[in-house]
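Read the numbers this way: they start at 1 and go in the same order the structure lists the ligands and their atoms.
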Amino acid sequence: MKTYLVTGGFGFIGSNFIRYILDEQKDVFIINVDNITYAANPENLSGYSTNYKFYKTDISDKTALSKVFNENKIDCVVNFAAESHVDRSIADPGIFIKTNIEGTLNLLELSMAHNIGKFLQISTDEVYGSLGETGKFSEETCVSPRSPYSASKAGADMLAMSFFHTYNMPVLISRCSNNYGPYQFPEKLMPLVIINAINDKDIPLYGDGKNIRDWIHVSDHVKGICLVLDKGKFGEVYNIGGDSEAENIDIITYILNKLNKPHSLIKYVKDRQGHDRRYAMDFHKINGEMGFLPEYNIEKGIDSTINWYIKNESWWRKILSGNYKDYYKKMYENR
Ligand code: NAD
Ligand code: DAU
């Protein structure tokens, strides 16, 4: 039995990872460490109780976190826990430093003290900065973050790599592009558009709507993570991408067409400050070394995601009726 400490397991990608690994592998035990921020939802893992344990713990609280390491024999740490929304980082950067940098440092120090066999830092293409019309991010691209969120993720990556070089710790880093799929919190573009369209509500589109993201279905990301865990070389970075670049306006138009909603719902609003223009991932390395290829094309992925949000209305209605209302008002009312 292999024991994984997974942080942020009640969030979007962490919960998809835990469900996948518990469904697919019989010989794993998962310890989920999550302090249940606004982005967490314990319902994401309802029904999962075998080979699974949960600690409501903040990774930036080292004393509380050390209890988890003292009470369990952990083989591998997978760090998903983070403040993850760029717009929130622009409004209030402090918590991003605390969770994404200090939290990662605590995990690294405790993992070293407990001789953990593997430490995977879940990172993002945003650490590379912004692309023009051509080119892609490779693992050799210089890190050049441009938002407080991406700066905090880049800081965490550098700390993780410093533990490999300085202490010979078994560190791996994966960097992925924009995820979408089931259980994504409605603040992010794809679920926001689907939900607003279902509710016949305006869809805020930043700037000229032509910013490009490289979309990947979360299940492809999760499979890439499993490959990195299985076959990754310590001290290496692995890009994971979806091979699906699209302008925001095209994503929104596609969703509106699928839901038979009018394009008049689209409202161009003030641009995000420092808005990165384009992301695109070169993932030759993980493809060549491990055979990774995304299974979803973007149409199939969006169609199944729309269906999931239609079938799971009670999941997102509960979120919409809570604190999210205040967030939405603050972020969009006078934009
Ligand atoms: P999310 O916001 O949906 O979930 C984050 C989870 O972390 C939540 O359950 C939250 O409660 C938990 N958390 C936050 N602060 C914590 C703390 N101090 N202690 C313990 N738990 C804490 O995020 P996500 O979209 O699932 O992203 C997961 C990871 O993947 C992040 O590290 C993010 O940077 C990275 N990533 C995300 C994407 C994407 O498109 N969403 C793409 C690439 C990489
Ligand atoms: O690239 C990986 C990153 O993708 C992850 O590291 C982040 O955690 C994740 O949040 C995501 O960041 P983005 O900023 O790219 O995602 P977001 O869904 O916030 O926005 C996607 C694009 O859509 C971006 O160009 C901004 C635009 N947008 C977003 C929202 C929420 C809008 O036009 N209107 C909106 O209301």
Side-chain angles (χ1 to χ4, degrees), residues 6-17 32-42 44-45 55-61 64-65 78-90 95-96 98-100 102-104 106-107 121-128 130 137 145 147 149-150 152-153 156-157 174-181 183-193 196 202-216 218 221 225 240-242 246-249 251-252 266-272 275-281 328 331-332 335:
V6 177
T7 68
F10 282 143
F12 166 46
I13 307 173
S15 64
N16 275 284
F17 173 77
N32 174 16
V33 168
D34 197 307
N35 70 338
I36 315 198
T37 69
Y38 77 91
N41 192 339
N44 295 1
L45 291 177
Y55 282 85
K56 185 175 185 312
T57 301
D58 184 337
I59 60 166
S60 68
D61 178 347
L65 193 58
V78 187
N79 183 25
F80 291 92
E83 288 293 331
S84 68
H85 193 36
V86 174
D87 290 327
R88 290 187 194 252
S89 84
I90 293 166
I95 186 69
F96 285 72
K98 199 162 175 49
T99 288
N100 301 0
E102 289 178 30
T104 302
N106 290 338
L107 283 164
Q121 173 66 9
I122 302 295
S123 186
T124 166
D125 58 0
E126 299 202 11
V127 299
Y128 295 121
S130 179
F137 298 132
S147 73
Y149 162 69
S150 53
S152 69
K153 292 295 291 184
D157 284 13
S174 62
R175 293 185 178 142
C176 191
S177 58
N178 280 65
N179 284 225
Y180 66 95
Y183 300 97
Q184 188 167 28
F185 194 79
E187 69 191 351
K188 307 284 164 51
L189 182 73
M190 199 89 77
L192 184 146
V193 174
N196 281 18
D202 285 352
I203 290 162
L205 179 54
Y206 299 167
D208 66 1
K210 290 182 179 297
N211 298 68
I212 291 174
R213 297 294 181 263
D214 181 355
W215 297 93
I216 182 169
V218 63
H221 183 190
I225 291 170
I240 303 175
E247 289 184 355
N248 294 335
I249 180 68
I251 295 288
I252 296 175
I266 300 171
K267 294 285 172 289
Y268 284 87
V269 299
K270 194 162 141 254
D271 207 355
R272 172 184 280 174
H275 197 174
D276 289 341
R277 190 62 177 173
R278 174 172 164 258
Y279 305 143
M281 279 303 229
Y328 198 91
M331 190 61 73
Y332 295 106
R335 193 164 186 143

Handout entry: Minimum side-chain heavy-atom gap Asn211-Asp276 below 4.5 Å
Key = no
Fill in the blank from the handout: Of Asn32, Asn35, Ile95, the residue with the heavy atom nearest atom 17 (C) of ligand 1 is Asn35
Problem - Thr37-ligand 1 polar pair, N/O distance under 3.5 Å - result: yes
Practice task
Considering heavy atoms of the protein only, find what lies nearest to atom 4 (O) of ligand 1 and give residue, atom and distance to 0.1 Å.
Solution key: Gly11 CA, 3.4 Å
Completion exercise
ligand 1 to Ala81, heavy atom cutoff 4.0 Å, flagged ligand atoms 7 (O), 21 (N), 22 (C)
Practice task
Verify whether one side chain among Arg88 and Tyr38 offers a donor that lies under 3.5 Å from an acceptor in the other.
Solution key: yes
Handout entry: Per-residue contact class, Arg175 against ligand 1 - non-hydrogen pairs under 4.0 Å
Key = neither
Practice task
With heavy atoms of Ile36 as the reference, note each atom of ligand 1 found under 4.0 Å away.
Solution key: 11 (O)
Fill in the blank from the handout: If we number the atoms of ligand 2 from 1 as shown, the ones under 4.0 Å from a heavy atom of Asn248 are 22 (C), 23 (O), 24 (C), 25 (O), 27 (C)
Handout entry: Test item, Phe185 contacting ligand 1 (heavy atom, 4.0 angstrom)
Key = no
Exercise for the section: Have a look at Asn32 and tell me which of Thr7, Thr57, Leu45 forms a side-chain contact (heavy atoms from CB on, under 4.5 Å) with it. Expected result: Leu45
Practice task
Output yes when the distance from some N or O of ligand 1 to some N or O of Tyr149 is under 3.5 Å, and no in every other case.
Solution key: yes
Fill in the blank from the handout: heavy-atom search around atom 35 (C) of ligand 1 in the protein gives Ile122 CG2, 4.0 Å
Exercise for the section: Report, in ascending order of atom number, the atoms of ligand 2 lying under 4.0 Å from any heavy atom of Asp125. Expected result: 1 (O), 2 (C)
Problem - atom 19 (N) of ligand 1: the protein heavy-atom neighbour that sits closest, reported with distance to 0.1 Å - result: Ile59 N, 3.0 Å
Handout entry: Test of proximity, Ala39 against ligand 1: N or O pairs below 3.5 Å
Key = no
Handout entry: Shortest reach to atom 16 (O) of ligand 2 by a heavy atom, considering only Asp87, Asn178, Leu189
Key = Asn178
Handout entry: Asp125 and Ser177 side chains, donor-acceptor separation under 3.5 Å
Key = no
Fill in the blank from the handout: If we number the atoms of ligand 2 from 1 as shown, the ones under 4.0 Å from a heavy atom of Tyr149 are 5 (C), 6 (O), 7 (C), 8 (O)
Exercise for the section: Provide, to 0.1 Å, the distance between atom 3 (O) of ligand 1 and the closest protein heavy atom, together with that atom's residue and name. Expected result: Phe12 N, 3.1 Å
Exercise for the section: To the nearest 0.5 Å, tell me how far Glu187 CD sits from Leu192 CG. Expected result: 9.5 Å
Fill in the blank from the handout: Short version for Glu126: what comes under 4.0 Å of ligand 2, heavy atoms counted, is side chain
Exercise for the section: Flag Glu187 as yes when one of its N or O atoms lies below 3.5 Å from any N or O atom of ligand 2, and as no otherwise. Expected result: no
Exercise for the section: For Asn178, counting its heavy atoms only, list the atoms of ligand 1 lying under 4.0 Å from any of them. Expected result: 40 (O)
Practice task
List the closest protein heavy-atom neighbour of atom 28 (C) of ligand 1: residue, atom name, distance to the nearest 0.1 Å.
Solution key: Phe80 O, 3.5 Å
Handout entry: Residue Tyr279 vicinity, atoms of ligand 2 by number, heavy atom under 4.0 Å
Key = 1 (O), 15 (O)
Handout entry: Residue selection (non-hydrogen contact nearest atom 11 (O) of ligand 1) among Val78, Val33, Asn79, Asp34
Key = Asp34
Handout entry: Region of Leu205 engaging ligand 2 - heavy atom pairs below 4.0 Å
Key = both
Practice task
Return a yes/no value for Asn211: is any of its N or O atoms, backbone included, closer than 3.5 angstrom to an N or O of ligand 2?
Solution key: no
Practice task
Just need the protein heavy atom nearest to atom 5 (C) of ligand 1, so name the residue and atom and give the distance.
Solution key: Ala82 O, 3.5 Å
Exercise for the section: Mark the output for Ser177 as yes if a heavy-atom distance to ligand 1 is under 4.0 Å, and as no if none is. Expected result: yes
Handout entry: From Asp157, Thr99, Asn79, residue fulfilling side chain to side chain donor-acceptor pair (under 3.5 Å) relative to Thr104
Key = Asn79
Practice task
Write out the residue and atom name of the closest protein heavy atom to atom 32 (O) of ligand 1, then the distance separating them to 0.1 Å.
Solution key: Lys153 NZ, 2.6 Å
Problem - N/O separation below 3.5 Å, Arg272 to ligand 2 - result: yes
Exercise for the section: Would you please classify the geometry between the Phe80 ring and the Phe17 ring as parallel, tilted or perpendicular, with 30° and 60° separating the classes? Expected result: tilted
Problem - Neighbour count above 12 (heavy atom, 6.0 Å) for Lys267 NZ - result: yes
Problem - Heavy-atom gap Thr7 to ligand 1 smaller than 4.0 Å - result: no
Handout entry: Student check: side-chain heavy atoms of Asn35 and Ile59 closer than 4.5 Å
Key = no
Exercise for the section: Find all atoms of ligand 2 within a distance of less than 4.0 Å from any non-hydrogen atom belonging to Lys188, and give their numbers and elements. Expected result: 10 (O), 18 (O)
Exercise for the section: Just need the protein heavy atom nearest to atom 36 (O) of ligand 2, so name the residue and atom and give the distance. Expected result: Tyr332 OH, 2.7 Å
Problem - Selected option - heavy-atom contact closest to atom 8 (O) of ligand 2, from Ser123, Ser84, Gly207, Ser177 - result: Ser84
Exercise for the section: Output the list of atoms in ligand 2 that are nearer than 4.0 Å to some heavy atom of Pro204, sorted by atom number. Expected result: 32 (C), 33 (O), 34 (N), 35 (C), 36 (O)
Practice task
Please write down residue, atom name and distance for the protein heavy atom closest to atom 18 (N) of ligand 1.
Solution key: Asp58 OD1, 2.8 Å
Handout entry: 4.0 Å heavy-atom contact, Met190 with ligand 2
Key = no
Problem - Contact (N/O only, under 3.5 Å) between Asn179 and ligand 1 - result: yes
Practice task
Tell me which one of Thr99, Val218, Ile13 gets a heavy atom nearest to atom 38 (C) of ligand 1.
Solution key: Ile13
Exercise for the section: Look only at interatomic distance and state if Gly9 has a nitrogen or oxygen under 3.5 Å from any nitrogen or oxygen of ligand 1. Expected result: no
Fill in the blank from the handout: Here the atoms of ligand 1 under 4.0 Å from any heavy atom belonging to Thr57 are 19 (N), 20 (C)
Practice task
Name the orientation class of the two ring planes belonging to Phe137 and Tyr279 (parallel below 30°, tilted from 30 to 60°, perpendicular beyond 60°).
Solution key: tilted
Exercise for the section: Report yes if some heavy atom in the side chain of Thr124 is under 4.5 Å from a heavy atom in the side chain of Arg175; otherwise report no. Expected result: no
Problem - Side-chain touch Glu247/Asp208, heavy atoms, less than 4.5 angstrom - result: no
Exercise for the section: Ignoring angles and geometry beyond distance, decide whether Thr124 reaches within less than 3.5 Å of ligand 1 through its nitrogen or oxygen atoms. Expected result: no
Practice task
Within a distance under 4.0 Å of any heavy atom of Val86, pick out the atoms of ligand 2 and give their elements.
Solution key: 14 (O)
Problem - Residue and atom name of the nearest protein heavy atom (relative to atom 29 (C) of ligand 2), distance in Å to one decimal - result: Tyr206 CE1, 3.6 Å
Completion exercise
Looking only at non-hydrogen atoms, the one of Cys176, Ser123, Gly8, Gly103 nearest atom 44 (C) of ligand 1 is Ser123
Exercise for the section: Could you find the nearest protein heavy atom to atom 25 (O) of ligand 2 and give me its residue, atom name and distance? Expected result: His275 NE2, 2.7 Å
Exercise for the section: May I ask you to check if ligand 1 and Ser84 share an N or O to N or O distance below 3.5 Å? Expected result: yes
Completion exercise
Atoms of ligand 2 under 4.0 Å from any heavy atom of His85, numbered from 1 in the order shown, are 19 (O)
Practice task
Would you check if Asn41 and Tyr183 make a side-chain contact, meaning some heavy-atom pair closer than 4.5 Å?
Solution key: no
Practice task
Answer yes or no: is there a side-chain heavy-atom contact under 4.5 Å between Ile13 and His221?
Solution key: yes
